[in-house]
Amino acid sequence: MALKIFHTGDLHIGMKFNNYPDLIKNDLVKARFETLENMILMANEEQCNLFVIAGHLFDKINIPKKDIIRVIVILEKFAGDCVLLIPGNHDYDNGMVELWEHFANNINSNIILLNEYRPYSLKDFDLDVVVYPAYCDSKHSETNRIKWIANLNSLEEAKYQLGIVHGALVGLSPDLSNKYFNISEVELNKLGLDLWLLGHTHLSYPLKKELSNRQVFNAGTPEPDGLDCQHQGTAWIIEIDEEKNIKARTIQTGKYNFKDLTYKVETQDDLINIKEKLLKNEPDKKIVRLSLNGRIEEWLFDEKEEVFQELRTGLAYLIIEDEELKIRITEEVIDREFAENSFPHLVLKELAASQEDDSLQLAYEIIKEVKE
């Protein structure tokens with residue numbers, strides 16, 4: 001029979017988002033539970049056999065018990081054969097972590113916590129599958145956890161051999177300090193398993209929406225968590241048939257979309273175009289940092305707040321950085337702000353006449369600063 005897998009990871013339930021104000025912070029916290037529930041529904045609609053979480057289901061090891069139970073209740077809604085999950089380096093398991101003890105004591109039989117370095121047979125679920133976990137038993141490590149698989153005399157007898165790993169994939173996730181269970185695709189492929197499902201890096205890998213006959217997949221985060229994560233959240237649907245042919249496709253999973261945008265503004269049309277672009281396509285799901293630069297007429301500088309207010313109303317959350325957006329210094333501005341034939345007036349007028357805009361702007365700012 002063919003095997004169909006929903007592959008995710010790096011959900012980081014329990015992340016606090018304390019750098020955001022309360023209203024959006026609370027929504028971001030809640031969104032991670034909602035995304036997990038939505039992924040379970042997607043997996044059920046796709047009639048997946050396995051729901052795989054490749055680490056970082058939780059953001060840390062000290063998670064409130066009510067949140068652990070809430071996660072378990074969601075996972076129990078999976079209608080396939082079983083849920084498989086491993087601890088990552090944020091939610092590691094060294095055998096003494098209360099998080100996983102409480103989790104294990106409250107799950108039902110179709111949720112399997114893979115927290116031992118041994119093969120796990122899924123024959124009890126009528127699946128001819130053996131799973132090899134390489135979970136994290138500490139927050140940091142210079143070595144990954146696949147060595148125990150390499151040391152096996154032979155793989156278990158099964159139709160499908162499935163590896164689940166948490167670690168930084170070489171070439172995808174930079175790990176300059178070499179402390180995040182670094183692992184390479186070459187290492188994985190040498191072990192002879194049919195399929196490897198990874199977590200840790202918040203970017204999906206391979207970087208294609210659909211592909212065939214690849215053996216190594218990284219889930220990416222299903223719910224973006226910051227301005228450095230500007231995709232819309234993804235997971236993999238992976239099918240492997242009886243001839244070991246593999247087909248995979250990504251699906252969009254996230255609720256919120258973070259955007260870190262920089263624009264140069266010179267005219268009113270520029271501001272209007274920015275506003276229209278941001279308020280298209282579910283603006284209430286967008287969290288935006290908008291950096292603006294350029295020089296605009298004084299009247300437009302005074303009115304820009306109206307545009308900003310429309311964006312604040314329409315978007316989920318907006319951060320404005322407009323320190324580099326300046327008033328365009330014209331002769332009218334110079335005449336109004338400085339006494340005629342005063343030294344600043346003469347200098348600025350001369351620069352304005354020479355059309356040295358950069359020098360004019362700099363001189364104006366220096367004079368204003370000294371004057372204040």
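Quantities reported herein were computed from a predicted structural model and do not represent experimental measurements. The figures that follow rest on heavy atoms only: side chains count, while hydrogens, waters and symmetry mates do not.
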Say whether, by atom type as modelled, one donor and one acceptor occur between the side chain of Lys247 and the main chain of Ile240 under 3.5 angstrom. no
[X] atom [atom1]: more than 12 heavy-atom contacts under 6.0 Å:
X	atom1	answer
Lys147	NZ	no
Lys159	NZ	yes
Glu142	CD	no
Gln47	CD	no

If you round to the nearest 0.5 Å, how far is [atom2] of [Y] from [atom1] of [X]?
X	Y	atom1	atom2	result
Asn106	Ile68	CG	CD1	8.5 Å
Glu324	Lys264	CD	NZ	12.0 Å
Leu198	Glu185	CG	CD	9.0 Å
Ile63	Asp91	CD1	CG	8.0 Å

Below 4.0 angstrom, N of the basic side chain to O of the carboxylate: do [X] and [Y] qualify?
X	Y	result
Lys275	Glu310	yes
Arg32	Glu34	no
Arg312	Glu305	yes
Lys77	Glu37	yes
Asp137	Arg145	yes
Lys65	Glu98	yes
Lys25	Asp22	yes

If only side-chain N and O atoms count, and only distance matters, is there a donor-acceptor pair under 3.5 Å linking Asn257 with Gln230? no
Between Tyr180 and Lys139: side-chain donor-acceptor atoms closer than 3.5 Å: no
Treating Ile, Leu, Val, Met, Phe, Trp and Tyr as nodes and any side-chain heavy-atom pair under 4.5 angstrom as an edge, say whether [X] and [Y] lie in one connected cluster.
X	Y	result
Leu155	Trp148	yes
Leu162	Leu57	no
Tyr256	Leu36	no
Leu203	Leu197	yes

Minimal non-hydrogen separation, Glu223 against Thr35, with atom names: OE1-OG1, 2.7 Å
What heavy-atom pair brings Arg328 and Glu297 nearest, and what distance separates the two atoms? NH1-OE2, 3.0 Å
Checking salt bridge (charged side-chain N to carboxylate O under 4.0 Å, His left out) for the pair Arg295/Glu266: CA distance, chi angles, key distance, verdict? CA-CA 6 Å; Arg295 293 171 191 154; Glu266 295 183 323; over 6 Å; no
Is there any ring pair (Phe, Tyr, Trp, His ring centres under 6.0 Å) pair reaching into residues 151-173, and which pairs are they, with sequence neighbours excluded? His56-His166, His166-His200
So which pairs with a foot in residues 201-225 pass ring pair (Phe, Tyr, Trp, His ring centres under 6.0 Å), sequence neighbours left out? His12-His202, Phe217-Trp236
Does Phe301 have Lys304 sitting over its ring (NZ/CZ under 6.0 Å from centre, angle to axis within 45°)? yes
Measure centre to centre between the rings of Tyr117 and Tyr135, then say whether the value is under 6.0 Å. yes
Quick check: Tyr132 with Trp196 (ring centres under 6.0 Å apart)? no
